Structure formats: structure tokens, C-alpha cells
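Chain letters run A, B, ... following the sequence lines, proteins first and then strands; every chain starts at 1. Since the model is a prediction, treat every value here as computed from it, not as a measurement.
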There are 2 protein chains.
Amino acid sequence: MSGSGQGEDAPQPGLTLARGQGIALWRQISQRLERDIATGAHKPGGRLPTEAELASEYRVNRHTVRRAMEELEGRGLVRIEQGRGSFVAEDVVDYRLGPRTRFSENIRRQNREPGGRVLRIVEIAAETGLAEQLGIRRGRPVLVVERMGLADGRPLVLGTHHFPASRFGRMAELLRANPSITAALAACGVPDYRRRVTRITARLPTPEEADLLQQSRNRPVLVAEAVNTDPEGEVVDVTFSRYAAGRAQLVVES
Amino acid sequence: MSGSGQGEDAPQPGLTLARGQGIALWRQISQRLERDIATGAHKPGGRLPTEAELASEYRVNRHTVRRAMEELEGRGLVRIEQGRGSFVAEDVVDYRLGPRTRFSENIRRQNREPGGRVLRIVEIAAETGLAEQLGIRRGRPVLVVERMGLADGRPLVLGTHHFPASRFGRMAELLRANPSITAALAACGVPDYRRRVTRITARLPTPEEADLLQQSRNRPVLVAEAVNTDPEGEVVDVTFSRYAAGRAQLVVES
DNA sequence: CGCTATTTGTCCGTATGTATT
DNA sequence: AAATACATACGGACAAATAGC
């Protein structure tokens, strides 16, 4: 790019790839784009050439360029939007994990506006593993709350909360009025709770998760399993949170 | 492929896909395979049908099956090996993150044999951000140690450590003799250190990382940035660790 | 050891669908 | 409504890794 836009036929020095050697073409392209981003030739938020343009510049098929772009997207360097184009990526939110983790406080500390939406509330019977974690008997009713947490109106995290229904049956209606978990727990007689353990993994999102988080299928989600207890040590809930990686960064302080 | 292997022409009930509706074929295939794994029709560690078999069963192109398989691999449900086949995934290692995080102890607690290999040691000049974190002046020498941590001989994590060279210049030779960071620090007069903050994100690996971790490009890596201090509160090192997601799960206790 | 069959990986070319502008 | 740009799907060819002989 940069300068003479035409001349599709010229050899285009610097854009020739090593063919037939051990290195896949899409990797070479992805490396060059990465370098161009690192050196600032493509600036954060800036627009990248279209797939067709890159394909003709590098003299490869469009699919080969797509491969390279998908890799860069998964690594968080670019963002691809159907019908619009591809852009160099930016910004992340720090999400602090600690004994007193509260979503809204956490987001406000980053000078962003927190938001929440309850997606689904159902009751299920506790299977063995869950029952053990919640400290209840197998088969007892569990309230499952599916919730989306937002920062500045953008989806940041999907949380699946599990409460013992015997103690927190009222939460369903409370949450419908106010999507704050902390507020609902307070109304159920738990003004304070504490995070005990958090198990963190990462994986690619399911298509549904990618959709809800408004995130590409190639960007991973951070999966955090948390166990919260009340001041007496009684387990209040077990939560699986899925954070959009690249929008959130979990911070643990010791 | 369970049972009657021939009969390529029969309609194969249950394997027909909804074409031309809103749902991409590869997604439907991935959903079915996911269900088959969940129900135990395909058992953990077990072998899945080949791409060619699935393609003919579902009456789609092999590439469409590949798409579906790649998604499942990224989500950690299957493992794909070139020349061998595809398998249902298993096991993860819990890696505890706490103030006194030590790699070897951590791995041994999981009844696995820890191992380490130093990949590269170089000295660089501290740029602004790093200098600030290390509590040294910009441009001062920093020892960068690239290390691989193994469990039972399998790569688990890649760590890039940054030590102020003024204090820890001897580490280079020490590590060449013994790849343990803890031992090398002890020899440099730091018998104990503490992890202060850890910032955790996830992304897809670079091709090099995927290679070193012996992991697929579709599986994310957990990226943890840690700051360690000595008992006096002096910063000892800043480390970026990249864990193979699906082999490791980070556990935080509060 | 090399040879071969199997299985996944890369790349090309084309056609069509869908979202955005 | 048209043009642009990314998404899905197909079909074919060859490369690379693995396993068995």
C-alpha cells in the first residue's frame, strides 16, 4: 500500500513470499502483517487492506489471506467485521479478582459504566459435583441464573450462577426487578460474601457465546469458576464466568 | 464408525443437515459431534471418524467437516493430530497461583514430575514500562530468560522472565547448570520471594508458541503477567507466562 | 531401512450468501 | 438499490506426518 495504489501487475518488491519452502504462505503473510502493526505502519484502530487487496498484493488466493487474518484476530491483533473490513485492535479492561469481587465496583474503578442483563433463570436438580460444591444434597433444587455483564454498554462477561434454591428462591423475582447479584443477595439476607477459589481456563467460545459477547469465534474466552461464601463460610453460589478475552484482563493480587 | 461400514449411498437417517437455513453446515456438524461426545457416544481419549468418513456421512465437503473439527478443538473438546486422526480430549493440570507460587512444587502437588528447560538468555535495555515495573531506570540492563516448564515430560508453560541485570547478572550461568528459577534466585541471595500481582488474559498462540507447547494453533494460551518481590518488597522479576490451555487450569485462592 | 497407505494440512479456484455502506 | 467486503461451501490437487509392512 502506501503510495501508488494501481500497478496490480508490477512485481511489488517486498511482497514476494517464499513458496515451496517449509513455511506456509499464510504464516508468512501473518508475520508481515504483525510486523507492520508492530512498527506502526498499521495504526491501532486503523483499517487494514481488504482481503482482495492483500491477496493480489501477495499474489495468493483470498483464502490464504483469510487464514492469516484469522490467526491475527485470534491473537488479538486485529478485529474483523463482516461487510466492513479489518481493523487493528486496541484497549482492554482490567477486572480485579479478589475476595470481595463485585462486578459493578470493578467496572467503575476503570471509569466505565457497569451494566447487567439477566438472560435466563431456571431451576434444576443438583447433580453430584455441583451438590458437593454447594454443600447440599444431590437432587436438591438449584437456581441457575444466566447473566450478562456490560461495561459502557458493551458485553464483557457471561456468568452462570448456581444458588441453592432452598435459601435463595426469592432471587428470581428480585433479579427481574434489578439485575444486580449483589443487591439480590443482600435482599436475601446476605449483605456480604467472599470469593473462595477461582479456577481459570481459556477456550474458544461456543457460537452462542461469541454471539452474546459480540466477539469473534477466533477470540478465546477466559473461563473462571468461582465459589462464593457468606461470612459464616456457607457456600452462597458457584459461578462460571466467561470473559471476552481482549476486552477483559483478570488481575489477581496477593 | 460403528457397525455397517459400507452403504455409502443410503440416506443415513439422523445425519441429514438443514441446508439453506440460517445455520451454517459446519456448525450443525460441530453441534452433533459435541452432543455425541457429551452423551458418551464418543468416549474421552477415543478416536473420532476421519474427516473423509464424516464428510461422506454428512454428505458435505471435507473442508466443511474440518471447519467443525477446528471449532471443537479450539473449545477443548477434541484433539487433532496430523497423520493420526482426531481424538476426544481429556485431563487438565491444576496450577495454583498464590503468593508463594513455585513451579516444581505446584506440579508435584498434582502427582506429576516437573521439568524445566532454558530456551534462551539475552540481555536487553529496559524500556519505559518494564523499567517502571522493575523499579530501575530506563535503559538499565535487564536479563531476559526464556524458559519452558514441563509436567511429566510434556510442555506446560513458556515463561519469559525479566531480572534487573545489575543484581542478578549471575543468573545466566546458574541457569545453564540448573534450570530452576527458584534455585538460581536462592544462589543470588534471594531465598524467598512473593508474587504480588498477576494479570491474566487469553489469546491464541503464535505459531512458535504452539510449536514449543506442542499444542494446536486453535487452542488458546493463558497469558499471566506476574510481578515477584523479595521479602523487603524489592521487585525481583517480572514474568510473562503462557500456559497451554487445556493442559493447565489456573487456580486462585483468596 | 524404505515403501506405501492413511490421515490431516495447505493452497487454489469458483460460486453463492449475508452484512454494511 | 447497488457496490463492497466478509462468510460459507464445494471440488480438486498436492504436501506432510504417521503407522504398518
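- The residues Arg219(B) and Glu71(B) are annotated as not salt-bridged, no charged nitrogen and carboxylate oxygen being separated by less than 4.0 angstrom.
- When the salt bridge (charged side-chain N to carboxylate O under 4.0 Å, His left out) test is applied to Arg62(B), the partners found at least two apart in sequence or on another chain are Glu51(B).
- Taking atom CE of residue Met69(A) and atom C1' of nucleotide dA7(D), one finds them 14 Å apart after rounding to whole Å.
- Of the two residues contacting DNA chain C, namely Glu51(B) and Thr64(A), the nearest-nucleotide position lying further toward the 5' end is that of Glu51(B).
- One can place CZ of Arg66(A) at 12 Å from P of dA9(D), the figure rounded to the nearest angstrom.
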### Query
Which nucleotides of nucleotides 12-21 of chain D have their base under 4.0 Å from a protein heavy atom (B), which only their sugar-phosphate (S), and which neither (-), written as one string 5' to 3'?
B---BBSS--
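- Contacts of Arg79(B) classified as side-chain contact (heavy atoms from CB on, under 4.5 Å), with partners at least two apart in sequence or in another chain: Glu81(B), Phe87(B), Glu90(B).
- Neither OP1 nor OP2 of dT4(D) sits under 4.0 Å from any side-chain N or O of Thr50(A).
- Arg27(A) comes within 4.0 angstrom of no nucleic acid atom, judged by non-hydrogen atoms across all strands.
- dA1(D) is unpaired under the criterion used here, namely a Watson-Crick or G-U wobble arrangement in which both key atom distances are under 3.5 Å.
- Glu127(B) places a side-chain N or O within 3.5 Å of a backbone atom of Gly129(B) that can act as its donor or acceptor partner.
- As rounded to whole Å, 8 Å separates atom P of dA7(D) from atom CZ of Arg67(B).
- Taking the 5' to 3' direction, DNA chain C first and last meets chain B under 4.0 angstrom from a heavy atom at dT7(C) to dC11(C).
- Asn106(B) meets the side chain to side chain donor-acceptor pair (under 3.5 Å) test with no other residue; sequence neighbours excluded.
- Atom CD of Glu70(A) and atom P of dA5(D) are 18 Å apart (whole Å).
- With respect to the salt-bridge test (charged N to carboxylate O, under 4.0 angstrom), the residues Glu105(A) and Arg109(A) do not qualify.
- Under the rule for a salt bridge (charged side-chain N to carboxylate O under 4.0 Å, His left out), the partners of Asp152(A) that lie at least two apart in sequence or sit in another chain are Arg112(A).
- Rounded to whole Å, the distance from CZ on Arg47(A) to C1' on dC6(D) is 11 Å.
- Rounded to the nearest 0.5 angstrom, Arg75(A) CZ and Arg203(B) CZ are separated by 6.5 Å.
- As a whole-Å value, the separation of Phe87(A) CZ from dC6(D) P is 9 Å.
- Contact check for Thr239(B) versus His162(B): no side-chain heavy atoms found under the 4.5 Å cut-off.
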